[in-house]
Every structure is written in structure tokens, then in C-alpha cells.
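Data block below; observations after.
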Amino acid sequence: VEVAFFQSNHEGELIDTIHAHRDWDGMIVNAGALTHTSLALADAVEAVGIPVVAVHLSNIHAREEFRHHSSLARVAWGQIAGFGFRSSLAALDLLYGRLTDEAHA
């Protein structure tokens, strides 16, 4: 498994990075507060056509009402929230499993 990381506080940079890596096998996206507000980020995830796991460190359903909605959920393969850094580890495990299953199918 090869993993690359990218972090930015700028929505446009995140979108450009997603598009630039559309040839990857999959992605894990932790969009922070953009999870709840960014249709542009969701459109980018949908456009690349690869499996994407949306991750949020906190439990968005235990927070303010406006955070219960995820713009990414409708376009992601799956969503994991509420387990702190373990959310990312679970996403990596699940994504690897999916890609391995597909490779053997």
C-alpha cells in the first residue's frame, strides 16, 4: 500500500488535488467543516469516479444540527465519523479491503 497525504485549509486547493489524482485507486477525504458546506468539494469527489471514504474525526451526529448533514456522504463510497484518528485508520482498512476484493474478483 502506498499512501500520500495532502492538507490544506483552502477549498480550491483540495478540489485541485482531488482532480489531479483521479488516477489513484481510491481516496480518504477529511474535509473538516467543508464536509457540511462544500458542494464544490462533493462535485469534485463525484467527478473523479474512484472510491472515496469521507472521514470526520468527531461524531457529526452528536454535534450541532447543521453538522448532521454531510455534502460528501451522497458521493462517497462510505463515511466514518466519531472515532478520532481511528476514523482514518478504519477508512484505510476498508478502502484497502475493497480494492483487494476488486483485484481478486
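Criterion: ILVMFWY side-chain heavy atoms under 4.5 Å apart, direct or through other members. Under it, Phe5 and Leu14 are not part of a common hydrophobic cluster. Residues Met27 and Leu99 do not share a hydrophobic cluster, defined by chaining ILVMFWY side chains whose heavy atoms lie under 4.5 Å apart. The same ILVMFWY cluster, assembled from side-chain heavy atoms under 4.5 Å apart, contains both Val1 and Leu95. Taking hydrophobic clusters as Ile, Leu, Val, Met, Phe, Trp and Tyr residues chained together by side-chain heavy-atom distances below 4.5 Å, Val53 does not share a cluster with Val48. Following chains of ILVMFWY side-chain contacts shorter than 4.5 Å, one can reach Trp77 starting from Tyr96, so the two form part of one hydrophobic cluster.
Dense packing is recorded around CZ of Phe6, with more than 12 heavy atoms of other residues, nucleotides or ligands lying under 6.0 Å away.
Shown here are the salt bridge (Lys or Arg N to Asp or Glu O under 4.0 Å) partners of Arg74, two or more places apart in sequence or in another chain: Asp43, Glu46.
The two residues Ser88 and Val55 have their closest heavy-atom pair at OG-CG1, 3.8 Å. Of all heavy-atom pairs between Ile50 and Asp25, the closest is CB-O, 4.1 Å. Ser58 and Ala81 make their closest contact through O-CB, 3.6 Å (heavy atoms, listed as atom of the first residue, atom of the second, distance).
Atoms CG and CG, from Leu39 and Leu34 in turn, are 11.0 Å apart once rounded to the nearest 0.5 Å. Expressed to the nearest 0.5 Å, how far CG of Leu57 lies from CZ of Arg86 amounts to 11.5 Å. Once rounded to the nearest 0.5 Å, the distance linking CD1 of Ile80 with CG of Leu92 reads 10.0 Å.
Counting heavy atoms from C-beta on, the side chains of Val75 and Val52 never come closer than 4.5 Å. Under the 4.5 Å side-chain criterion, counting only non-hydrogen atoms from C-beta, Leu41 is not in contact with Ser71. Contact annotation: the side chain of His19 approaches that of Ile15 to within less than 4.5 Å [non-hydrogen atoms, C-beta and beyond].
For residues 8-17, the side-chain hydrogen bond (donor to acceptor under 3.5 Å, both in side chains) pairs, not counting sequence neighbours, are Gln7-Asn9, Ser8-Glu13, Glu11-Ser38.
Under the 4.5 angstrom side-chain criterion for Ile, Leu, Val, Met, Phe, Trp and Tyr, the cluster partners of Phe85 are Leu89.
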**Request:** Apply side-chain contact (heavy atoms from CB on, under 4.5 Å) to Ile60 and His36, showing your working.
**Result:** CA-CA 9 Å; Ile60 63 175; His36 318 293; 3.7 Å; yes

